[in-house]
Amino acid sequence: MADRTELRARLAFWQEALAKLRKAYLALLDGGVKSYRLDDMELTRLDLSSLIKRIEEAEAKVDELTAQLEGQGPRRAFAVLPRDL
């Protein structure tokens with residue numbers, strides 16, 4: 001696992017990326033622009049569904065890094081196995 005300084009740097013990166021993604025989404029959603037340029041990507045209203053997925057991924061990453069900084073471990077997946085009684 002990375003040290004706290006690295007975790008803070010990663011968190012700052014993902015928070016900035018999330019802010020940019022949200023800004024692009026809102027600009028396209030409001031309809032004030034036909035396309036939006038985000039760094040090297042050209043986005044249109046047709047890209048809203050993929051953009052919302054990227055926003056959700058960035059939010060999850062921010063949540064994960066915030067939890068790690070607060071001392072919580074990463075969430076673990078587990079399965080529930082139904083059994084006949």
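We're numbering straight along the sequence, starting at 1.
- Between Ile55 atom CD1 and Tyr25 atom OH the span is 7.0 Å, to the nearest 0.5 Å.
- Under the side chain to side chain contact (heavy atoms under 4.5 Å, CB included) criterion, Ala27 pairs with Val33, Tyr36, not counting sequence neighbours.
- Under the side chain to side chain contact (heavy atoms under 4.5 Å, CB included) criterion, Leu69 pairs with Arg4, Leu7, Arg8, Leu11, sequence neighbours left out.
- Residues satisfying the salt bridge (charged side-chain N to carboxylate O under 4.0 Å, His left out) test with Arg22, not counting sequence neighbours, are Glu59.
- A search for salt bridge (charged side-chain N to carboxylate O under 4.0 Å, His left out) contacts involving Glu42 returns Arg37, not counting sequence neighbours.
- Among residues at least two apart or in separate chains, there is no salt bridge (charged side-chain N to carboxylate O under 4.0 Å, His left out) pair with a member in residues 45-58.
- Under the salt bridge (charged side-chain N to carboxylate O under 4.0 Å, His left out) criterion, no residue pair touches residues 23-35, with sequence neighbours excluded.
- For Glu16, the salt bridge (charged side-chain N to carboxylate O under 4.0 Å, His left out) criterion is met by Lys20, not counting sequence neighbours.
- For the side chain to side chain contact (heavy atoms under 4.5 Å, CB included) with Leu51, the lone residue among Thr44, Leu46, Leu43 that qualifies is Leu43.
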